[in-house]
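Numbered from 1 within each chain, the chains take letters A, B, ... in sequence-line order. Model, not experiment: these values are computed from the prediction.
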2 protein chains.
Amino acid sequence: MASEQSENYLKNIYKLSSGEGKVTTSSLSDKLQISPASVSEMIKKLAEEGTLTHTPYKGVELTEEGKKLALRIIRKHRLWEMFLVEVLHFRWDEIDDEAERFEHIMSDKMEEKIDHALGHPLTDPHGDPIPTKDGELKCPMSHPMSDVRAGSTVRVVRVSDSNSEMLQYVASIGIALNKEIHVKQKMSFDNSMLVKIDNNEVNISSTIASNIFVENV
Amino acid sequence: MASEQSENYLKNIYKLSSGEGKVTTSSLSDKLQISPASVSEMIKKLAEEGTLTHTPYKGVELTEEGKKLALRIIRKHRLWEMFLVEVLHFRWDEIDDEAERFEHIMSDKMEEKIDHALGHPLTDPHGDPIPTKDGELKCPMSHPMSDVRAGSTVRVVRVSDSNSEMLQYVASIGIALNKEIHVKQKMSFDNSMLVKIDNNEVNISSTIASNIFVENV
DNA sequence: AGTTAAATTTAGGTATACCTAAATTTATTT
DNA sequence: AAATAAATTTAGGTATACCTAAATTTAACT
Ligand SMILES: [Mn+2]
Ligand SMILES: [Mn+2]
Ligand SMILES: [Mn+2]
Ligand SMILES: [Mn+2]
C-alpha cells in the first residue's frame, strides 16, 4: 500500500502531466507547497518503488502502475465529493478539503458502495470526469467560456475547482452545472463579458470566464 | 489539534477507565497492541499536553479536557458507524475498521451533517450510546443476557462490537437490536442457553450470552 | 527481610516525511 | 566561451511514533 503522501504526489504528478507533459521538481514543489529538496527526495523514493521514472535534473513521468494508482485516488476523491454534495448536502465550495483527506482512507468496499449509492456518476460536482475503476478517463468536449462569441448560448459542463472562493461567488450569481448562459456582450477593454443567467444580467470577469467550461447548445 | 495517534490513545484510555478506573501502561499496551515502552513514551507526551495526568509506575487518568476529546472521538466513531449502516448499507460487522480511521479525519461540519442526516441518533448500530456534542453520555440500563433467568423474555439493546466474527454469527442466527428473545432453558454444564428468536430455537454459548445486553420486556 | 518476578521507564535506534543550507548541474546571458 | 542565474540534488538535521534491550521501580513470595 502506498502511503498517504505518496498518493498525494502521484495524484498531483498525474494532474500536472495531463496539462504539461513533463513534470519537474519545482512544478510539484509549487503545487504541493513542499520545499524542492523534500520533493526531490520523495521522487527518488517513488522511483525506487516503481510508480514513476526519474531523469535527474530533467523531470518525472508516471509508470503504468503509477498512473493507475493516481487515477484510483482521483476516482475516490471525485466520488467522495459527489457524495458530500448529493447525500450530505455540502456546497460545492466546501468539499475539496474534506475529499483531500478522505481519498486516502476510503476502502475499495466504500468506493464501491458510494459509486452504487450515487448511481455510477460520470462527473463530480464541479463537472470533472470520474475515472472508472480500471483507470479509464474520458474528458467531455468543452471550451472555456472566455472563448465564446457574443450572441451565443452555451451550457455549463465544468467549473474549475481550484479556488473555493471563486466557486462560492460563481454559485451566488446563479451559475451551476448544466445551467444555460447567454453571452450578450464582450468588453474589449478588460475581456469581461455580459451574460444572462435565469433572466438576470451579470458581468463576468475574464478570469472567471476562463475557469468556466461550456458546450454549445 | 491532537494527532491521530493521540486521539486513539485518549479514546482507549477513556474506554478502559470506564471499565476499571485506573488505566495502566500494560492495559493500554494490550488494548492498542503497542509495546509498553512506546505507550510509556506517549503517556509522557500526553501528560505534557495536559490531556491526562500520569503518576509514574501507577497509571493515568484523563483530565477534563482529555475526557472531552475522547468523547468527541467516540461520538464521531459511532455516528460514522451508524451512517455506514443506515445510508451505505454496510453490515454491522464490517464497520468498525472503517470508523476507526474515519473518526480522526471527520470535520466538525461533517459530524454535524451526518448527525442531522441520521436524525440525531442516540445509539450506534451495536447499541452503544452516542455522546452528545458537549460530551454527555447516558448509558441505557441493561444487563448481559447470560444473567437472564430461564422463562423470561428480553429485548436486545446492545451487542458488544469487540469481535466482528461474533457479530456476523450473531446476526446469522437472527439476533439484532430491539429483537425480542425468549429464554427457554439454561444448561448448567456449560452455561449455554436455549433461546427462541423469531420462532426458531437456537443454542447460545455463555460467551455469546455475556456479549449480548438486554432489557426486560 | 531478602529474593525473585512483574511492571514500567529509560536508552538507543529505525522509518517517514518534512526542513534549511550547501553543493552540483543545467540554462541563460553577456 | 565565460560568467551568472536558476533549478535540482545532497548533506545534515527535526518531529512523530514506533521498536528492542537494559535499567529501574514496585509487587509478590518465601
Ligand atoms: Mn489528499
Ligand atoms: Mn472536484
Ligand atoms: Mn482510530
Ligand atoms: Mn460500535
Separation of dA7(C) C1' from Ile43(B) CD1 (nearest whole Å): 12 Å
Salt bridge present between Lys113(B) and Asp108(B) (N-O < 4.0 angstrom): no
Phosphate OP1/OP2 of dA17(D): any Lys45(B) side-chain N/O under 4.0 Å: yes
N/O (side chain, Ser38(B)) to phosphate O (OP1/OP2, dC18(D)) under 4.0 Å: no
Whole angstrom value for the distance that separates C1' of dA7(C) from CG of Leu28(B): 14 Å
Nucleotide nearest Lys44(B) (side chain, heavy atoms from C-beta), chosen from dT20(C), dA17(D), dT10(C): dT10(C)
Any donor-acceptor N/O pair, Ser146(A) side chain to Ser206(A) backbone, under 3.5 Å: no
Closest-nucleotide ordering on DNA chain C, the 5'-leading residue of Tyr9(A) and Thr25(B): Thr25(B)
Separation of dC18(D) P from Leu46(B) CG (nearest whole Å): 10 Å
Interatomic distance, Glu48(B) CD vs dA15(D) C1' [rounded to whole Å]: 14 Å
Rounded distance (Å) that lies between atom P of dA15(C) and atom CD of Glu41(A): 15 Å
Parallel, tilted or perpendicular: ring planes of Phe102(B) versus Phe102(A), cut at 30 and 60 degrees: perpendicular
Whole-Å gap separating P (dT26(D)) and NZ (Lys22(B)): 13 Å
Interatomic distance where CG belongs to Asn8(B) and P belongs to dA17(D) [whole Å]: 11 Å
Toward the 5' end of DNA chain C, by each residue's nearest nucleotide, Thr55(B) or Glu4(A): Thr55(B)
Any Ser3(A) side-chain N or O less than 4.0 Å from OP1/OP2 of dA17(C): yes
Leu32(A) CG to dA17(C) P, straight-line distance once rounded to whole Å: 13 Å
Per Ile34(B) side chain, nearest of listed nucleotides dT9(D), dA27(C), dC18(D): dC18(D)
Under 3.5 Å donor-acceptor pair, Gln5(A) side-chain atoms to dC18(C) base atoms: no
Phosphate-side-chain proximity, Lys58(A) and dA27(C), N/O vs OP1/OP2 below 4.0 Å: yes
Touch class at under 4.0 angstrom, heavy-atom based, for Ser35(A) against every strand present: base
Distance below 4.0 Å between Ser26(A) side-chain N/O and dA6(D) OP1 or OP2: no
Residues Lys22(B) and Glu61(B) bridged, charged N to O under 4.0 Å: no
Selected nucleotide, minimal atom distance to Tyr57(B) side chain, candidates dC19(C), dT9(C), dG12(C): dT9(C)
Spatial distance of atom CD1 (Ile74(A)) from atom CG (Asp128(A)) [nearest 0.5 Å]: 9.5 Å
Phosphate OP1/OP2 of dT8(D): any His54(A) side-chain N/O under 4.0 Å: no
Aromatic plane relationship, Trp80(A) with Phe83(A) - under 30° parallel, 30 to 60° tilted, over 60° perpendicular: parallel
